[in-house]
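Below, each value reflects all heavy atoms present in this structure, side chains not excepted, and no hydrogens, waters or symmetry copies. This is a predicted model, so every value here is computed, not measured. Atoms within each ligand, like the ligands themselves, are counted from 1 in listed order.
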Amino acid sequence: MSIVVQKFGGTSVADVDCIKRVAKRVKRTLTEGNQVVVVVSARAGVTNQLIERASAILKNPTEREMDVLMTCGEQETIALMTLALHALKVPAVSRTGWQAEIITEGIHTKSRIREVRGGDIRKQLRAGNVVVVAGFQGVSDHGDVTTFGRGGSDLSAIALAGALRAKSCQIFTDVEGVYTADPRIVPNACKMPAINYEEMLELASSGSKVMQTRAVEFAQKHNIPFEVRSTFSNKTGTTVKKKVKSLEDTLVSGVAIDKNQVRLSITELPDRPGAAAAIFKIMSETDVVVDMIVQNVARNGKANLTFTVPTEDAFRAEKALKAHFLDQSAGKLGKSTNIAKVSVVGVGMRSHSGVASKFFEALANAGINMLMISTSEIKISVAVNPDNGDDATRVAHQAFDLGK
Ligand code: ADP
Ligand code: ASP
Ligand code: MG
């Protein structure tokens with residue numbers, strides 16, 4: 001019998017009715033002759049509520065305790081989902097991340113999966129049980145509970161699918177697949193039948209939260225194909241895999257927006273080798289992922305440096321930089337500002353020119369000012385004022401004729 005991994009996100013298990021609906025779908029997959037591993041998220045909004053409660057007590061709570069707290073959300077769902085399966089007379093057992101022996105390393109709240117041992121999942125499947133695993137959580141070598149970063153249940157599903165050599169890994173969510181842009185921002189966005197890991201990774205890391213970036217990285221590294229599809233319909237979703245035909249003909253495949261970016265600026269940076277390196281060394285030691293970077297030409301031996309970091313890391317980044325700039329000869333930390341980053345992504349960019357000019361011209365025609373620009377081989381990103389973010393996304397989508 002082959003194993004199918006089905007992951008259900010927060011909106012798919014938002015309340016008891018949703019959970020009952022998902023249990024019916026799982027039962028169908030089982031009766032079609034599969035062994036089923038279900039991975040669930042916390043109910044929609046629960047993880048945020050838990051985080052808010054912690055910050056009502058302490059502004060900067062320790063990350064270890066945040067992991068203990070945040071994992072409660074998924075733990076509630078595995079029990080409810082297992083009970084919903086029992087109500088349908090489906091034999092099922094729940095397993096936490098540590099019972100599934102998802103072994104992690106690295107810092108709390110952002111830990112990395114080192115190994116998936118699986119605990120007794122295979123045995124339970126052979127005994128005819130559906131195994132309902134808590135997403136987003138694992139266990140460190142010290143026996144501490146850990147989490148994989150927001151949206152991390154995607155990673156749990158993909159890692160389990162890889163470890164169990166599953167026939168398929170299905171990521172069920174509240175949209176019908178991966179679209180050319182977030183359908184909530186661009187109503188005429190199109191569902192893509194298939195997309196390769198590389199483009200999915202660029203879209204995810206540029207803000208398309210339909211898939212967690214680290215989950216796509218893991219899938220690409222271990223070549224674990226998966227499908228993104230809707231919990232609320234039976235339509236085929238988007239397959240994400242290694243190779244997809246005729247992508248080269250498409251200049252731009254999708255547009256992404258990331259509203260969770262903060263721009264940090266440093267002034268009076270001494271114009272000498274090592275000054276910028278020292279700053280990025282601090283960011284790396286603080287586990288902050290730096291994204292767009294701009295350094296201007298120095299005047300009178302001093303330069304300005306601006307870069308963006310995820311909003312969730314901004315506090316940590318600023319705290320570390322403030323300590324560094326106690327020595328004022330190293331430079332000065334300026335005011336941080338929120339920005340929105342809009343990116344166009346497509347492997348076709350490798351072999352075609354003119355993408356940047358088309359993108360920038362469209363923004364200019366819409367009167368949208370660009371604050372920063374960065375590029376990679378298959379992506380062009382611009383930072384804009386957050387108030388212009390959604391408009392810039394629609395303008396880019398239109399410029400590359402991606403609509404229905
Ligand atoms: P889940 O709780 O199921 O993990 P998420 O909220 O994390 O779901 O991700 C689904 C959401 O991702 C959609 O509701 C949609 O608004 C958003 N999204 C952003 N970019 C895209 C895209 N390119 N295609 C589809 N959905 C997208
Ligand atoms: N519950 C976690 C979150 O909200 C993980 C997930 O939903 O994938 O980020
Ligand atoms: Mg998600």
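- Looking from atom 7 (O) of ligand 2 to the surrounding protein, the closest heavy atom is Ser41 OG, 3.1 Å.
- Inclusion of Ser12 in the set of residues having an N or O under 3.5 Å from an N or O of ligand 1 is not warranted.
- Atom 25 (C) of ligand 1 has as its closest protein heavy atom Gly177 O, 3.3 Å.
- Looking from atom 8 (O) of ligand 1 to the surrounding protein, the closest heavy atom is Thr173 OG1, 3.1 Å.
- Within the listing of ligand 1, atoms 24 (N) sit less than 4.0 angstrom from a heavy atom of Val178.
- Shown here are the ring pair (Phe, Tyr, Trp, His ring centres under 6.0 Å) partners of Phe8, two or more places apart in sequence or in another chain: Phe172.
- With a 4.0 Å heavy-atom cut-off, ligand 1 is reached by the side chain of Pro183 but not by its N, CA, C or O.
- Here the heavy atom of the protein found nearest to atom 15 (C) of ligand 1 is Asp182 OD1, 3.4 Å.
- Regarding atom 11 (C) of ligand 1, its nearest protein heavy-atom neighbour is Asp174 OD1, 3.9 Å.
- For atom 27 (C) of ligand 1, the closest non-hydrogen atom on the protein side is Val210 CB, 3.6 Å.
- Donor-acceptor pairing under 3.5 Å is lacking for the side chains of Thr306 and Ser265.
- Ranking protein heavy atoms by distance to atom 23 (N) of ligand 1, first place goes to Tyr179 O, 3.0 Å.
- For Lys209, heavy-atom contacts with ligand 1 shorter than 4.0 Å involve the backbone as well as the side chain.
- The pair Arg95-Asp120 counts as a salt bridge, with a side-chain nitrogen and a carboxylate oxygen less than 4.0 angstrom apart.
- In Met211, neither the side chain nor the backbone holds a heavy atom less than 4.0 Å from any atom of ligand 1.
- For Gly152, the closest heavy-atom approach to ligand 2 falls below 4.0 Å.
- In this structure, Arg316 does not pair ionically with Asp287, as no charged nitrogen and carboxylate oxygen lie closer than 4.0 Å.
- A salt bridge between Asp144 and Arg64 is present, with a side-chain N of the basic residue lying under 4.0 Å from a carboxylate O of the acidic one.
- Remark: the Asn129 side chain and the Gln124 side chain contain an N/O donor-acceptor pair separated by less than 3.5 Å.
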### Task
Carefully, step by step, assess Val22 and Val26 under the rule side chain to side chain contact (heavy atoms under 4.5 Å, CB included).
CA-CA 6 Å; Val22 167; Val26 171; 4.2 Å; yes
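- Using a 3.5 Å distance cut-off with no hydrogens or angles, the side chains of Thr147 and Asp67 do pair a donor with an acceptor.
- Heavy atoms of Val175 approach ligand 1 to within less than 4.0 angstrom.
- Considering backbone and side-chain N/O of Arg150, one or more are found under 3.5 Å from N/O of ligand 2.
- Selection from Gln212, Lys7, Lys191 by nearest heavy atom to atom 4 (O) of ligand 1 gives Lys7.
- Checking only distances, Gly10 does come within under 3.5 Å of ligand 1, N or O to N or O.
- Using a cutoff of 4.0 Å between basic side-chain nitrogens and carboxylate oxygens, Lys221 and Glu217 are not scored as salt-bridged.
- Using modelled atom types and a 3.5 Å distance limit, the side chains of Asn304 and Arg299 yield no donor-acceptor pair.
- When only interatomic distances are considered, the shortest N/O to N/O separation between Gly151 and ligand 2 falls below 3.5 Å.
- Checking Gln6 against Thr29 by side-chain atom types alone, a donor-acceptor pair falls below 3.5 Å.
- Side chains of Glu202 and Ser376: a donor on one and an acceptor on the other come within 3.5 Å.
- Distances shorter than 4.0 angstrom occur between a heavy atom of Glu74 and an atom of ligand 2.
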